[in-house]
Protein chains: 2
Amino acid sequence: MKNPEARRPTIREVAKLARVGLMTVSRVTNNHPSVRPSTRKKVEAAIAQLGYQQNEAARLLKGQRAKMIGLIVPDLSDIFFASCAHTVQQIARAHGYMTLVVSSERDADLEVQQAELMSSRKVSGLLIVTSTLPGDDRLHHLQGTGLAIVAFDRPLPGLNTDCILVENRAGAEEAVQHLIQHGHRRIACVGYDEKTYTIHERIQGYSAQMNASGLKTQITLELLTLDGVRQWLIEMMASKSRPTAIFSLNHRTSVFLLKALAEQKVRIPEDMALIGFDDFDLADVVTPPLTTVAQSPVELARRAMGLLLERIQNQQKGASGASPAKILLPTRLMIRGSCGPHKRLEP
Amino acid sequence: MKNPEARRPTIREVAKLARVGLMTVSRVTNNHPSVRPSTRKKVEAAIAQLGYQQNEAARLLKGQRAKMIGLIVPDLSDIFFASCAHTVQQIARAHGYMTLVVSSERDADLEVQQAELMSSRKVSGLLIVTSTLPGDDRLHHLQGTGLAIVAFDRPLPGLNTDCILVENRAGAEEAVQHLIQHGHRRIACVGYDEKTYTIHERIQGYSAQMNASGLKTQITLELLTLDGVRQWLIEMMASKSRPTAIFSLNHRTSVFLLKALAEQKVRIPEDMALIGFDDFDLADVVTPPLTTVAQSPVELARRAMGLLLERIQNQQKGASGASPAKILLPTRLMIRGSCGPHKRLEP
DNA sequence: CTGAAAGCGCTAACAC
DNA sequence: GTGTTAGCGCTTTCAG
């Protein structure tokens with residue numbers, strides 16, 4: 001059992017054991033090409049024998065970047081972002097990086113502050129699900145300083161970085177279309193956070209599809225508490241142009257709707273159809289099983305990490321960045337029972 | 001807009017501006033007592049003027065610990081641990097620490113490896129929800145090296161660290177008691193992962209309560225897939241000593257039971273009562289609302305971080321560790337509808 | 001109470 | 001190809 005706190009061997013000891021100079025060892029550990037294969041072998045043997053590992057701190061002090069990547073998400077206790085974090089950390093680990101995780105609490109100031117902190121800690125790359133709003137380009141100066149940045153789920157305003165997004169608009173359109181095919185004409189769109197890129201896109205999709213079908217949009221935002229949803233529902237049910245279907249923009253709102261509809265004894269889908277953006281584990285356990293628009297946090301994170309690692313490698317090679325990639329991931333309509341009769345699909 | 005990548009001022013520049021020696025600046029930044037107040041003022045002014053911040057790398061190289069804490073959980077994509085991580089990271093940030101997060105994938109080897117990695121990265125403290133099994137004391141050598149370690153949710157085998165646990169046993173007893181009060185006599189206990197401390201404790205609680213009431217235990221483990229649960233349920237319903245109530249040890253199993261019961265058209269609670277360990281968001285949205293034993297990940301993480309920060313401060317002061325604290329957090333029975341008629345409680 | 005010197009482990013730049 | 005030198009920015013000694 002080796003004690004990781006015991007003074008670890010230094011490059012100097014390796015050099016002595018291998019009977020070479022310090023620099024040769026350094027070159028070997030850094031994969032420098034100009035080392036004779038026979039020499040390299042000797043050094044590698046010494047490294048193995050001593051169990052030598054580079055000292056991060058010393059490398060940092062010499063201006064290198066840390067074998068760390070930083071991840072900033074709006075809310076780590078949200079299962080969606082937690083899944084992203086899980087995947088990111090898993091891939092990072094496989095590539096020898098540790099992961100610094102921060103939840104920005106949906107606060108742009110905090111996000112910027114933490115991003116700068118990470119940058120000053122010399123992380124190799126930054127993965128951000130931004131909470132900054134369009135026009136806020138405070139993250140701009142982090143670019144082009146050898147720090148790789150990849151945005152995912154939402155684009156970074158004013159920043160020309162790689163980004164991985166989900167087809168929120170198309171997903172919303174598909175959802176509305178599904179409702180229309182089931183004969184619905186008065187379809188309400190509810191949720192909150194309309195300033196967020198993803199929600200904004202979903203609203204656009206809803207509106208576009210409604211307009212294309214010659215239907216009147218009916219959008220209510222700021223529905224982010226159970227009370228709010230309940231109250232809205234009661235009003236709706238009493239109104240004479242009451243919708244026959246609801247398209248919910250947020251997971252939270254979907255859940256509250258489920259509760260409120262049950263409370264008010266509104267039957268789904270007979271009295272009211274419901275479709276929610278964002279799939280979740282229990283969607284097919286609630287009654288009736290909820291039809292949703294699913295997106296994959298794992299795939300999102302996987303692609304984002306892929307791009308980030310690529311960037312990091314390029315920067316190490318000194319290659320000036322290729323033009324930023326923009327990747328769009330599809331959504332998937334999970335048809336269950338909440339929009340009317342349909343054969344049930346296994347997840 | 002200051003550029004965090006621009007060469008930052010060093011201690012030398014601060015010293016020059018304040019017209020003192022390097023050491024005086026160092027003493028000020030490290031809160032050393034032996035600095036005359038007037039001198040301290042001067043230095044502080046210079047620090048503020050230059051926006052000086054200590055260079056982590058240099059401090060690390062001199063053997064100090066990083067302003068980082070490490071967190072290892074079994075599965076970051078599990079909402080329970082994600083909530084823990086969220087809270088930990090939040091408190092860490094408030095105290096000037098960054099958080100290194102790793103998911104051990106329930107793999108003891110990986111956990112040990114990552115813990116050592118973090119230790120070698122000189123984190124100030126380690127927070128672990130262990131996946132090691134009793135008898136595995138590979139983490140032992142990390143102790144007493146100036147690294148503060150706090151275990152939570154599960155104790156660290158063979159390690160004499162602070163730890164924060166949940167009253168799993170009492171929670172299970174309460175659940176079983178609840179079922180008994182509703183007239184149930186044949187109560188099955190199902191789940192998986194019985195080697196894990198928490199599950200083990202819950203099984204103990206179940207058994208103790210059943211025995212105390214003169215009832216026969218009926219335990220089935222390894223029920224960690226929907227298929228498995230479904231099959232088990234079918235067998236159970238056909239058996240002549242079929243249980244009238246189920247105590248589910250794991251969240252996953254509870255969800256699968258909900259699905260399987262619905263599939264088999266078994267009515268809850270009329271045909272079968274159900275109570276699950278671990279509360280969740282949608283517990284009162286499923287039909288019928290599920291009665292659960294709730295534990296608070298936020299409180300768990302809060303207490304763990306509290307203890308960890310305390311340890312870290314003590315170690316900085318050189319105080320040899322106080323004897324490890326053991327804290328037990330209570331569970332809370334969330335009575336909803338799945339065990340029989342009862343007035344419904346709001347969460 | 002304050003300062004000067006030494007060096008943590010590494011790598012960039014230059015010699016050979 | 002390979003070795004030598006000179007710091008990176010800080011804190012620990014040890015003088016004053």
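Each chain gets a letter, A, B and so on, in the order its sequence line appears, and its residues count up from 1. Treat the numbers as computed from the prediction; the structure is a model and nothing was measured.
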*Given that G21(B) and L22(A) both sit by DNA chain C, which one's nearest nucleotide is further toward the 5' end?*
G21(B)

_Test side-chain contact (heavy atoms from CB on, under 4.5 Å) on L159(A) and Q143(A); report intermediate values, then the result._
CA-CA 8 Å; L159(A) 275 217; Q143(A) 257 197 140; 3.7 Å; yes

*Is the shortest side-chain N to carboxylate O distance from K67(A) to E56(A) below 4.0 Å?*
no

_For dC10(D) and S26(B) - does any side-chain N or O of the residue sit under 4.0 Å from the phosphate oxygens OP1/OP2?_
no

_What's the closest nucleotide to the side chain of M23(A) if the choices are dC10(C), dG3(D), dA4(C)?_
dG3(D)

_Side chain of T10(B) - closest among dC10(D), dT2(D), dG3(D)_ = dC10(D)

*What nucleotide among dG9(D), dT12(D), dT2(D) has an atom nearest to a side-chain atom of L61(A)?*
dG9(D)

*Check the distance between dC8(D)'s C1' and R8(B)'s CZ and give it to me in whole angstrom.*
13 Å

_Value in whole Å for how far the P atom of dC8(C) lies from CD1 of I11(A)_ = 14 Å

*When the distance from CG of N30(B) to P of dG9(D) is rounded to whole Å, what number comes out?*
17 Å

*Is Q64(A) near enough to dC8(D) that one of its side-chain N or O atoms lies under 4.0 angstrom from OP1 or OP2?*
no

*Has T24(B) got a side-chain N or O lying under 4.0 Å from the OP1 or OP2 atom of dT2(C)?*
no

_Length of the line joining K16(A):NZ and dG9(C):P, which is rounded to integer Å_ = 13 Å

*Atom pair distance, as rounded to whole Å: CZ in R59(B) and P in dG7(C)*: 22 Å

*Between R12(B) (CZ) and dG3(C) (C1'), how many Å, whole number?*
13 Å

*Return the value, rounded to whole Å, for the distance between atom CD of E13(B) and atom C1' of dC10(D).*
14 Å

_Side-chain N,O (Q53(A)) to OP1/OP2 (dG9(C)) below 4.0 Å_ = no

*From L60(A) CG over to L61(B) CG, what is the distance, rounded to the nearest 0.5 angstrom?*
9.5 Å

*Does a nitrogen or oxygen in the side chain of T39(A) sit under 4.0 Å from OP1 or OP2 of dG1(D)?*
no

*Side chains of Q114(B) and S104(B): is there a donor and an acceptor less than 3.5 Å apart?*
no

*Under 4.0 Å: is that the gap between some side-chain N or O of R27(A) and OP1 or OP2 of dG1(D)?*
no

*Is the shortest distance from a Lys or Arg side-chain nitrogen in R302(B) or E299(B) to a carboxylate oxygen in the other one below 4.0 Å?*
yes

*Can you check the E56(B) CD to dC8(D) P distance for me, whole Å?*
19 Å

